[in-house]
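Only this structure's heavy atoms are used, side chains among them; waters, hydrogens and symmetry mates stay out. Quick note on labels: first sequence line is chain A, next is B, and so on, each numbered from 1.
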Number of protein chains: 2
Amino acid sequence: MRIGELAQRAGTTTRALRYYEQLGLLPARRAGNGYRAYGEDDLRLLRQIRTLQDFGFGLEETRPFVECLQAGHPEGDSCPASLEVYRRKLAELDECIARLQDVRAQVAGQFDRAVRARDELAAGASAQPPQCELATEWAKE
Amino acid sequence: MRIGELAQRAGTTTRALRYYEQLGLLPARRAGNGYRAYGEDDLRLLRQIRTLQDFGFGLEETRPFVECLQAGHPEGDSCPASLEVYRRKLAELDECIARLQDVRAQVAGQFDRAVRARDELAAGASAQPPQCELATEWAKE
DNA sequence: GTAGACCTTGACGCCGACGTCAACGCCAGC
DNA sequence: GCTGGCGTTGACGTCGGCGTCAAGGTCTAC
């Protein structure tokens, strides 16, 4: 299989494959004419890479999984190093989610405060509109 | 106030301030010798920028807030354009958090599956250890 | 033989928010 | 006058994961 076919079957591009090879992540045999030659195993590796990438893993973080498959193990995560990456990544995800939730709460607080301040100004001009915006008001204007 | 002092008081660097000026975000008056000259108002603007940056806002997203302050409004979020940015950002945050939570669940699933597969292999060699790992096992090894 | 569809390497571009360095100007204190 | 610590502009580097040329080689079909 040549690079174009592999790229297409994996839903990626030839440029990405060349990049992976440059990183030593997905080495390729060479045909007599210098063309890269891939096998079905490489498709497997590539799918593993793409899956992890969709999870937000960096390419270097996929390396243990790829090496695990290359070593002949049944799954990319059959090796301790891969499990370690899972653990690290889960911790990162938890931290990231917690941070984002905290930020969300703060931004929502600022937003509500700003809206209330605006409505109080408006209340001075007209009569008193009932102030029942306890939570975030959505898609106004 | 010269650039170094402002940077120090705002907890940032001179390079960042020059960058903001380049973007037209934080323009500076010039002293006779060509030095940038800032006032207390600029410190206010700068703090607004930094606060929003800490929330994960891009510099362009801070612009409405800065312009709002520059226009003489009491707060950076006293203007409709700023509220609009808040709304967009809240939506982005919600989407991002949901995506991360989904990813977290998938990674945790993969991790648990891989761990069970490993333990099943180990169970063949020794006796049957009680398999009670319903949830994620943490910090093993 | 020639068009065109594939392949090769190499190199620069991109995004954001600066870091870092170079080479120079300005000013205060000694 | 000279040193040291500010300031100035300009330009290139960083990080990741490629996109996008450019200039050529290779193979197939007509």
Side-chain angles (χ1 to χ4, degrees), chain A residues 1-39 42-43 45-66 85 88-89 92-93 96 103, chain B residues 1-39 42-43 45-66 85 88-89 92-93 96 103:
Chain A
M1 186 172 14
R2 291 181 305 179
I3 195 171
E5 185 184 348
L6 178 60
Q8 197 175 353
R9 287 178 62 184
T12 183
T13 67
T14 61
R15 182 66 182 89
L17 298 191
R18 280 191 272 265
Y19 181 56
Y20 299 160
E21 185 181 35
Q22 199 178 327
L23 295 182
L25 200 57
L26 190 65
R29 288 179 303 107
R30 293 302 179 122
N33 53 11
Y35 287 15
R36 289 171 181 82
Y38 298 93
D42 294 318
L43 180 56
L45 299 187
L46 192 44
R47 286 210 227 268
Q48 174 78 75
I49 294 173
R50 303 293 294 173
T51 300
L52 294 177
Q53 265 196 315
D54 288 346
F55 286 165
F57 286 48
L59 284 177
E60 282 309 319
E61 292 174 323
T62 72
R63 194 181 290 273
F65 296 81
V66 174
V85 174
R88 263 204 4 251
K89 214 60 190 169
E92 279 178 31
L93 281 166
C96 188
V103 165
Chain B
M1 189 175 6
R2 291 182 304 180
I3 194 171
E5 186 184 347
L6 178 60
Q8 196 175 355
R9 286 179 61 184
T12 181
T13 67
T14 62
R15 182 66 182 88
L17 297 191
R18 280 190 273 264
Y19 181 55
Y20 300 160
E21 185 181 37
Q22 199 179 329
L23 294 182
L25 201 57
L26 189 65
R29 289 179 300 108
R30 293 304 178 118
N33 53 14
Y35 286 15
R36 290 171 179 81
Y38 299 94
D42 294 317
L43 180 57
L45 297 187
L46 192 43
R47 291 219 166 102
Q48 174 78 75
I49 294 173
R50 303 293 294 174
T51 300
L52 294 176
Q53 266 196 317
D54 288 346
F55 286 164
F57 287 48
L59 285 177
E60 282 310 319
E61 292 174 321
T62 71
R63 194 181 290 275
F65 296 81
V66 174
V85 174
R88 264 206 359 254
K89 215 59 193 172
E92 278 179 31
L93 281 167
C96 188
V103 164

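Rounded to an integer number of Å, the gap from CG of B/L23 to P of C/dC15 is 13 Å. B/E60 has its CD atom 13 Å from the C1' atom of C/dC15, to the nearest Å. Atom P of nucleotide C/dA17 and atom CG of B/D54 are separated by 13 Å, given to the nearest angstrom. Between A/L52 atom CG and D/dG17 atom P there is a gap of 12 Å when expressed in whole angstrom units. Rounded to an integer number of Å, the gap from A/Y38 OH to C/dC7 C1' is 11 Å. When the P atom of D/dG16 is taken as reference, atom CG of A/L25 falls 14 Å away, rounded to whole Å. Atom P of nucleotide D/dG5 and atom CD of B/E5 are separated by 18 Å, given to the nearest angstrom. Atom CG of B/L59 and atom C1' of C/dC18 are 9 Å apart (whole Å).
When the side-chain nitrogen and oxygen atoms of B/N33 are compared with OP1 and OP2 of D/dT8, none of them lie within a distance under 4.0 Å. Between B/R18 and the phosphate of C/dT20, there is no side-chain N or O to OP1/OP2 separation shorter than 4.0 Å. In terms of phosphate contacts, B/Q22 brings no side-chain nitrogen or oxygen within less than 4.0 Å of OP1 or OP2 of D/dG10. An OP1 or OP2 oxygen of D/dT8 is reached within less than 4.0 angstrom by a side-chain nitrogen or oxygen of B/R36.
Between the side chain of B/D42 and the backbone N or O of B/G39 there is at least one donor-acceptor pair closer than 3.5 Å.
Salt-bridge formation is not detected for the pair B/R18/B/E21: no Lys NZ or Arg NE/NH1/NH2 atom is positioned less than 4.0 Å from an Asp or Glu carboxylate oxygen. Remark: A/R2 does not engage A/E5 in a salt bridge, criterion side-chain N to carboxylate O under 4.0 Å.
Closest to the side chain of A/I3, from the set C/dA11, C/dC7, C/dC26, is C/dC7. Comparing C/dG19, D/dC6, C/dT8 by their closest approach to the side chain of B/T13 singles out C/dG19. Nearest to the side-chain atoms of A/Y19 among the listed nucleotides C/dC6, D/dC18, C/dC27 stands D/dC18. For A/Y35, the side-chain atoms get nearest to D/dG25 when compared with the rest of C/dT20, D/dG25, D/dC18. Nearest to the side-chain atoms of B/R30 among the listed nucleotides D/dC18, D/dT9, C/dT8 stands D/dT9.
Two residues are said to be in side-chain contact when any heavy atoms from C-beta on lie closer than 4.5 Å; A/L23 and A/R63 meet this criterion.
Among all heavy-atom pairs drawn from B/E60 and B/P64, the shortest one is O-CD, 3.7 Å.
Judged by atom type and distance alone, B/R2 does not reach the base of D/dG7 through any side-chain donor-acceptor pair under 3.5 Å.
The nearest heavy atom of DNA chain D to B/G4 and to A/G58 marks one nucleotide each, and the one closer to the 5' end goes with B/G4.
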